[in-house]
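First comes the structure, then the notes that go with it.
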Amino acid sequence: MTSTREARVEGVEDKKGERVDIAIIGGGLVGASLGCALASRVERTGLRVAVIEAAPLDRQLAEPWQPSFDARASAIACGSARHFERLGVWAMMADQAAPIRTIHVSERGRLGVTRLRAAELGVEALGHVVPNAWMGRVLHGRLDELPVDWHCPASVEAIEPVAEGHRLRLSDGGELQAGLTVLADGGRSGLKERLGIESRERPYDQVALIASVEVSRPHDGIAYERFTAEGPIALLPLPGQAMELVWTHARGEEARRLALCDGDFLAELQRAFGDRAGHFRRVGRRHAYPLSLVTARETVRPGLAVLGNAAHSLHPVAGQGFNLALRGVMDLVAAIEAGDERGEAPGSAVVLQDFEARREGDRQDVIRFSDGLIRLFGLDHPLLSHARAAGLVGLNLVGPLRRTLARRAMGLER
């Protein structure tokens with residue numbers, strides 16, 4: 001794998017102003033997914049695609065993949081798994097995936113509970129939890145089979161709109177002229193700001209504490225969403241008796257728990273969550289990051305598209321961030337293919353307007369749902385607490401409503 005990528009980079013280092021159809025800035029999960037989704041066009045039509053990634057991914061992939069107790073993971077909805085299946089990567093990805101067979105939603109101190117079960121919808125799983133390291137390895141392995149130009153490690157030092165796209169000057173000495181440039185860098189590179197694309201930001205004044213934990217009994221494929229007075233706690237099933245913990249704290253309150261010894265941390269988690277999942281016996285390395293609702297004011301311009309966290313960063317409470325991003329990837333490819341049939345270039349205004357039209361409703365619905373959920377359960381009022389509990393009970397009793405919610409969570413309906 002490594003030698004192939006190095007050969008591609010060396011082969012383009014001296015080609016100033018090389019023309020490509022699509023330049024993907026960011027080779028992480030979203031950018032790599034887009035590269036894989038374009039595979040059929042790369043192989044069938046000779047579409048020229050370049051991937052620009054700042055992290056030294058070659059060195060990571062040169063080593064055998066070793067799952068660890070500290071590995072981060074993502075919840076992949078059933079609809080997202082079907083997308084990956086169409087891309088030809090799901091069979092390998094599923095090798096390290098844990099199925100979600102039940103979603104259990106509850107509020108600490110209240111009787112209301114909602115359970116969403118895969119069996120009700122006639123599917124084997126509502127979704128799967130996949131270690132990010134493994135998902136990335138599978139996607140990059142597929143990309144290594146394609147004639148894609150890799151610039152890695154490399155960053156975009158300058159980006160300039162030109163008549164038919166953008167000119168990119170790279171830190172590896174390369175220069176590209178791209179008909180379509182896709183920002184899939186998570187919003188960390190500052191390129192949005194350099195292009196004058198503003199973002200709306202609504203801080204939640206919350207921090208997510210993330211770690212892998214081990215429980216005392218088999219989780220049976222149950223994913224828990226537990227709303228507490230301190231904030232929501234999510235537990236996602238991993239292989240064996242491990243679970244991925246996402247524990248939301250008020251900003252500033254996470255520092256004390258990050259500093260606790262493992263035993264004291266597990267004891268506090270047990271008190272906060274209860275014993276529904278069993279006893280917490282082990283915890284991996286803890287990480288924390290602040291939470292905000294961030295949405296780009298523009299996601300398309302002629303010759304430019306914005307995907308993933310660069311376009312929208314959501315609260316993790318509903319586990320929809322990556323699934324929303326993957327649907328964006330698939331909608332962009334669908335718009336490119338439809339444009340090709342009309343003789344439109346990938347970066348044309350018509351193609352990108354089509355992409356934006358496909359995305360707008362889904363994006364707004366998911367943002368409203370995740371933001372509304374955290375705000376509803378974040379309000380501390382006795383009457384509202386009783387109403388939430390009654391709502392959870394009612395939702396559990398009304399089959400059609402529960403199934404509709406489940407299908408939306410699975411990414412099977414928009």
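Not measured: the values here are computed from a predicted model. Position 1 is the first residue of the sequence; numbering continues from there.
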Should [X] and [Y] count as side-chain neighbours, where that means a heavy-atom distance under 4.5 Å?
| X | Y | answer |
| --- | --- | --- |
| I197 | R297 | no |
| H312 | T299 | no |
| L170 | V156 | yes |
| I52 | L168 | yes |
| E225 | H104 | no |
| D149 | E18 | yes |
| P147 | V42 | yes |
| Q206 | P290 | no |

For [X], does the [atom1] atom sit with more than 12 other heavy atoms under 6.0 Å from it, leaving out its own atoms?
| X | atom1 | value |
| --- | --- | --- |
| E124 | CD | no |
| Q241 | CD | yes |
| E201 | CD | yes |

Quick one: side-chain contact (heavy atoms from CB on, under 4.5 Å) partners of [X], sequence neighbours excluded?
| X | value |
| --- | --- |
| E43 | R142, L146 |
| H219 | P237, M243 |
| A272 | E230, I233, W247 |
| R217 | none |

Give the minimum heavy-atom separation between [X] and [Y], together with the two atoms involved.
| X | Y | answer |
| --- | --- | --- |
| W134 | M93 | NE1-O, 3.3 Å |
| V283 | A211 | CG2-CB, 3.8 Å |
| S212 | E244 | OG-OE1, 3.4 Å |

Separation of [Y] [atom2] from [X] [atom1] (nearest 0.5 Å):
| X | Y | atom1 | atom2 | value |
| --- | --- | --- | --- | --- |
| R342 | S348 | CZ | OG | 7.0 Å |
| D354 | R358 | CG | CZ | 4.0 Å |
| S80 | M330 | OG | CE | 10.0 Å |
| L139 | M92 | CG | CE | 11.0 Å |
| D362 | D331 | CG | CG | 7.0 Å |
| L238 | Q96 | CG | CD | 11.0 Å |

Inset, instruction - Please assess F265 against F280 for the test ring-ring contact (aromatic ring centres under 6.0 Å, His included), listing each intermediate value before the final yes or no. - result: CA-CA 10 Å; F265 177 85; F280 299 108; 9.0 Å; no

By side-chain hydrogen bond (donor to acceptor under 3.5 Å, both in side chains), which residues pair with [X], not counting sequence neighbours?
| X | result |
| --- | --- |
| Q353 | none |
| D262 | R286 |
| E160 | R167 |
| R194 | none |

Inset, instruction - Applying ring-ring contact (aromatic ring centres under 6.0 Å, His included), name anything that partners H166, two or more places apart in sequence or on another chain. - result: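 By the ring-ring contact (aromatic ring centres under 6.0 Å, His included) rule, H166 matches no residue at all.
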
Inset, instruction - Just grab all the side-chain hydrogen bond (donor to acceptor under 3.5 Å, both in side chains) pairs involving residues 177-187, residues at least two apart or on different chains. - result: D185-S189

Inset, instruction - Give me the ring orientation class for F84 and W90: parallel if the planes are under 30° apart, tilted from 30 to 60°, perpendicular past 60°. - result: parallel

Legend entry - Lys/Arg N to Asp/Glu carboxylate O, R281 vs E214, below 4.0 Å: yes

Determine whether a donor-acceptor pair (N or O, by modelled atom type, separation under 3.5 Å) exists between the side chain of [X] and the backbone of [Y].
| X | Y | answer |
| --- | --- | --- |
| E254 | G252 | yes |
| S171 | S155 | yes |
| D172 | G174 | yes |
| K192 | A310 | yes |
| D21 | R48 | yes |

Legend entry - Pairs involving residues 300-314, ordered by first then second residue, that meet salt bridge (charged side-chain N to carboxylate O under 4.0 Å, His left out) (sequence neighbours left out): E298-R301

Inset, instruction - Verify whether one side chain among R117 and T102 offers a donor that lies under 3.5 Å from an acceptor in the other. - result: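 No, no side-chain donor-acceptor pair sits under 3.5 Å.
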
With a cut-off of 3.5 Å and sequence neighbours excluded, list every side-chain donor-acceptor pair involving residues 23-41.
from : atom 1 : to   : atom 2 : distance (Å)
S33  : OG     : L29  : O      : 2.6
R41  : NH2    : D340 : OD2    : 2.5

